[in-house]
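Naming convention: chains lettered A, B, ... in sequence-line order (proteins, then strands); numbering from 1 in each chain.
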2 protein chains.
Amino acid sequence: MAPAAITPPQGVQQTSELTASAVAHKIAQTASELKNGSNGMETSLRSLDASKLTFTRTTTPMKVPQAGDPIIATSSQCTDHMITAKWNCTTGWDAPELRPYGNLSLAPTASCLHYATECFEGLKMYRGYDGKLRLFRPDCNCRRMLTSATRISLPAFDPKELEKLLIAMIAVDGPKWLPTPGTMLYLRPTMIGSAGALGVAAPKEATLFIISTFMPTLSSPKGLRLLASQDGVRAWPGGFGYAKVGANYGPSLMANSEARARGYDQVLWLLDGLVTEAGASNFFVVWRSKEGKLQLVTAPLGGKIILDGVTRRSILQLVRERLTDGSSGLDPVEIVERQFTMDEVVEVVKDGRMVEAFAAGTAYFVSPVSVISYKGEDLQIPMAKGETGEYAGLIKNWLVNIMYGKEQHEWGVVIDEKDGN
Amino acid sequence: MAPAAITPPQGVQQTSELTASAVAHKIAQTASELKNGSNGMETSLRSLDASKLTFTRTTTPMKVPQAGDPIIATSSQCTDHMITAKWNCTTGWDAPELRPYGNLSLAPTASCLHYATECFEGLKMYRGYDGKLRLFRPDCNCRRMLTSATRISLPAFDPKELEKLLIAMIAVDGPKWLPTPGTMLYLRPTMIGSAGALGVAAPKEATLFIISTFMPTLSSPKGLRLLASQDGVRAWPGGFGYAKVGANYGPSLMANSEARARGYDQVLWLLDGLVTEAGASNFFVVWRSKEGKLQLVTAPLGGKIILDGVTRRSILQLVRERLTDGSSGLDPVEIVERQFTMDEVVEVVKDGRMVEAFAAGTAYFVSPVSVISYKGEDLQIPMAKGETGEYAGLIKNWLVNIMYGKEQHEWGVVIDEKDGN
């Protein structure tokens with residue numbers, strides 16, 4: 001009568017960590033494909049191959065908006081061209097195409113419109129003060145795009161090929177669209193599940209596209225005003241907060257609108273009281289510990305709750321190299337990547353131990369924070385230099401110098417624009 | 001030196017429950033618009049208005065696939081027409097259009113492709129054994145669509161107008177595409193953020209569309225084999241598990257693929273050991289409590305973790321009306337909506353107290369479960385009548401009778417097909 005519990009046969013995988021297993025399988029498969037050079041193997045799917053890129057130039061070039069044009073604030077003005085590449089599960093990646101910017105044609109049953117099978121990256125191209133065009137650590141973005149695609153059941157690719165496509169795109173549109181030293185444009189590689197089928201399953205077709213848009217400067221001279229959210233949770237253990245997938249963004253918009261309606265700029269996302277991200281940026285504080293140690297504190301990547309930000313990673317490395325020995329002129333700080341709570345932040349502010357706080361990401365760059373609202377209280381965060389704290393100011397300066405070529409650094413990848421002309 | 005904590009001025013809302021506040025504001029605003037009949041007010045946005053529907057018939061009608069055609073299994077074959085309606089934040093809803101089925105044209109910057117600003121519904125239309133075409137409780141789906149749209153920052157609408165559009169759609173395509181008694185087609189109302197702008201904000205334009213597809217029968221005569229997930233978590237308190245938004249689906253696909261690769265049909269989603277949903281369906285067990293009470297147990301809606309399923313809701317109501325007094329011929333069951341853990345399920349199975357289990361939703365309908373795998377053990381779940389348990393079998397029969405007109409019931413809404421011809 002009593003149904004027995006049956007032990008599965010030997011060799012069957014025992015772990016119940018399904019998502020982790022699936023991700024591990026896909027990563028192993030990707031690594032194996034890359035190693036074997038699947039292009040040459042008849043039995044394998046075609047890999048994404050930037051060397052196969054075809055070029056179709058626009059015959060109706062658009063006008064470049066000038067500084068101050070209101071269209072810039074809409075983040076909707078794209079450049080003349082886009083790159084697209086299609087994938088399907090039986091043949092792999094088609095040759096990528098550079099073609100005139102234009103609408104995508106999607107079946108109403110396309111997976112991405114129903115099941116959020118989509119991921120993206122955001123990076124900027126910079127016209128240096130030396131006249132050169134640069135990307136900032138595009139290898140990091142391309143690797144993260146693979147991580148995100150894997151998590152959301154989209155196809156794998158060699159991140160180096162994506163990087164080559166980014167470079168091809170800006171070699172074509174950079175000279176016309178980004179002529180002025182000290183300015184930037186935004187690059188948005190995106191992948192969507194484009195298979196038309198309503199079954200809830202990994203999409204059998206996908207489309208990669210790369211577009212470039214104007215983007216306004218988002219940081220405020222008054223500092224960001226953050227409103228801590230107590231009910232909305234951006235990401236959770238076992239979720240997907242570490243991946244740059246659409247599913248992390250849409251659900252956050254309600255809280256975001258509410259914060260703006262109340263006079264704040266962004267939501268400070270908490271998880272069970274732990275501070276995680278500010279808006280769609282990583283969050284840093286500089287405080288003095290109870291023992292008097294000056295510390296740069298930010299949430300750790302370990303729990304897969306927060307995004308592995310390229311700006312975050314770069315800040316930690318620069319601070320490690322330049323701010324831990326006193327040579328910068330500022331007091332050295334200790335880097336602490338650990339979980340910390342909003343209650344700790346409140347205590348530090350009330351004790352007068354908060355030195356400064358800032359958000360960091362590609363869109364908001366390094367944005368000093370002036371206020372954090374929590375449980376109805378506006379906590380004032382110092383900004384020692386008026387428009388910024390000293391540490392955020394110094395760090396931002398270092399990054400700007402690399403991005404715009406005032407400091408020659410391996411992170412600033414110079415683009416050869418001759419290729420595009 | 002110490003920055004002061006400033007109390008905000010009187011009248012400013014104190015709650016830090018941002019998402020809940022934002023949702024409440026939007027619901028209040030929607031209710032007020034509906035009450036005031038915004039159509040007649042110049043100062044208001046136009047409401048969604050089914051009476052304004054325009055009709056453009058196809059000039060290239062498609063062939064209806066016959067039973068057994070492999071295209072049915074792909075859930076991609078749509079009917080001849082679709083309905084679309086556009087919204088923008090300055091004017092509200094445009095007149096909806098019934099037009100030939102075809103691809104959507106979307107800017108590569110469209111919000112839905114990046115930020116998962118998308119929600120949908122799934123319901124079926126049934127060709128009754130009495131020759132009539134019916135929907136099953138479409139009012140429930142239309143109300144839930146409003147809940148989902150609100151949660152994902154898409155525009156509000158009167159659910160009754162959406163219901164009228166669904167009816168208009170199937171009045172046109174029903175006669176040709178669903179002629180055979182005892183068969184069904186799937187309806188998929190969808191809303192997407194179609195504004196082209198990369199700023200992370202509520203979309204300023206949206207598109208509602210309604211399509212209808214063939215869908216295979218998903219339940220298996222051997223019963224569903226479920227694999228409990230220990231790492232992947234579908235939904236979280238403060239998240240959006242209760243809403244039918246794309247962001248709940250894409251992230252679940254990895255675990256789903258892994259489950260299928262291991263020989264299971266669906267993932268049984270746990271949250272801190274609590275049993276929540278099976279695949280994209282609600283999950284029910286019938287067990288005997290330790291005290292010997294026969295109980296129908298399912299997770300509660302309270303925590304906003306699980307979907308408020310129309311099938312779930314209907315099952316609970318039918319069981320309440322017909323299965324609690326013994327008149328059905330089966331032993332009466334007590335309905336228990338409460339949190340329960342996977343450990344309880346294991347204990348009940350091992351004690352021989354499990355009577356049956358089933359998944360319930362529109363896609364999988366009422367699907368008996370034969371196996372639940374947890375921590376490497378395959379727990380056998382009884383199916384007393386071979387292909388089903390007795391309770392699932394009886395409940396399914398009740399529902400089928402209502403859906404296909406063998407029982408006249410207010411839930412089976414008969415469609416007047418004359419309107420479409």
Report task. Could you tell me which of I192(B), V200(B), V245(B), L270(B) has the largest number of non-hydrogen atom pairs under 4.5 Å with chain A? Result -> V200(B)
Query raised in the report: Any idea which of A202(B), P108(B), P203(B), A22(B) has the most non-hydrogen atom pairs under 4.5 angstrom with chain A?
Result: P108(B)
Query raised in the report: So, the side chain of R353(A) versus the backbone of R288(A): is there a donor-acceptor pair under 3.5 Å, distance only?
Result: yes
Report task. Decide yes or no for I305(B) and W269(B): does some side-chain heavy atom of the first lie under 4.5 Å from some side-chain heavy atom of the second? Result -> no
**Report entry** Any donor-acceptor N/O pair, N256(B) side chain to G279(B) backbone, under 3.5 Å
**Finding:** no
Report summary line: Highest number of heavy-atom pairs under 4.5 Å with chain A among P216(B), A116(B), A363(B) belongs to A116(B)
Query - Heavy-atom pair count under 4.5 Å with chain B, highest-scoring of V233(A), N103(A), V23(A) - result: N103(A)
**Report entry** Heavy-atom contact with chain B under 4.5 Å, split by part of C119(A)
**Finding:** neither
Query raised in the report: Does any N or O in the side chain of K26(B) come within less than 3.5 Å of the main-chain N or O of L154(B), such that one atom is a donor and the other an acceptor?
Result: yes
Report task. Measure S257(A) against the heavy atoms of chain B and call it side chain, backbone, both or neither at under 4.5 Å. Result -> side chain
Query raised in the report: S111(A), P237(A), G102(A): which one forms the most heavy-atom pairs within less than 4.5 Å of chain B?
Result: P237(A)
**Report entry** Pair S21(B), R262(A): side-chain N/O donor-acceptor within cut-off below 3.5 Å
**Finding:** yes
Query raised in the report: In terms of heavy-atom pairs under 4.5 Å with chain A, which of A243(B), A235(B), S153(B) leads?
Result: S153(B)
**Report entry** For L113(A) against F209(B), the heavy-atom pair lying closest together
**Finding:** CD1-CZ, 4.3 Å
Query - Top contributor to chain A interface from K204(B), E118(B), K244(B), M191(B) [non-hydrogen pairs under 4.5 Å] - result: E118(B)
Query raised in the report: Mind checking whether W236(A) and W236(B) have parallel, tilted or perpendicular rings, split at 30° and 60°?
Result: parallel
Query raised in the report: So which of N248(A), I211(A), V267(A), V371(A) has the biggest tally of heavy-atom pairs under 4.5 Å with chain B?
Result: I211(A)
Report task. Measure distances from S105(A) to the heavy atoms of chain B and classify the residue's part below 4.5 Å as side chain, backbone, both or neither. Result -> both
Query - Heavy-atom pair count under 4.5 Å with chain B, highest-scoring of T117(A), L106(A), V346(A), T150(A) - result: L106(A)
Query raised in the report: Do D378(A) and R225(A) touch side chain to side chain, with heavy atoms closer than 4.5 Å?
Result: yes
Query raised in the report: T213(B) and R188(B): side-chain donor and acceptor closer than 3.5 Å?
Result: no
**Report entry** Engaged part of M82(A) at the chain B interface, taking heavy atoms whose separation is under 4.5 Å
**Finding:** side chain
Query raised in the report: Taking the side chain from S252(A) and the backbone from R234(A), do they hold a donor-acceptor pair closer than 3.5 Å?
Result: no
Query raised in the report: For L104(A), is it the side chain, the backbone, both, or neither that has a heavy atom closer than 4.5 Å to a heavy atom of chain B?
Result: both
Report summary line: Max heavy-atom pairs within cutoff under 4.5 Å with chain B, candidates G199(A), A201(A), G239(A), goes to A201(A)
Requested in this report: Select one option (side chain, backbone, both, neither) describing which atoms of A280(A) are under 4.5 Å from chain B's heavy atoms.
Outcome: neither
Report task. Please work out which of the three classes, parallel, tilted or perpendicular, describes the rings of F120(A) and Y115(B), given edges at 30° and 60°. Result -> perpendicular
Query - Options A107(B), A195(B), G193(B), A110(B), ranked by heavy-atom pairs under 4.5 Å with chain A, top entry - result: A107(B)
Report summary line: When the 4.5 angstrom heavy-atom criterion is applied to L271(A) and chain B, the contacting part is side chain
Report task. Go through S75(A), G122(A), A73(A) and name the one with the most non-hydrogen pairs under 4.5 angstrom from chain B. Result -> S75(A)
Query raised in the report: Judged by atom type as modelled, is there a donor-acceptor pair below 3.5 Å linking the side chain of D231(B) to the main-chain atoms of G238(A)?
Result: no
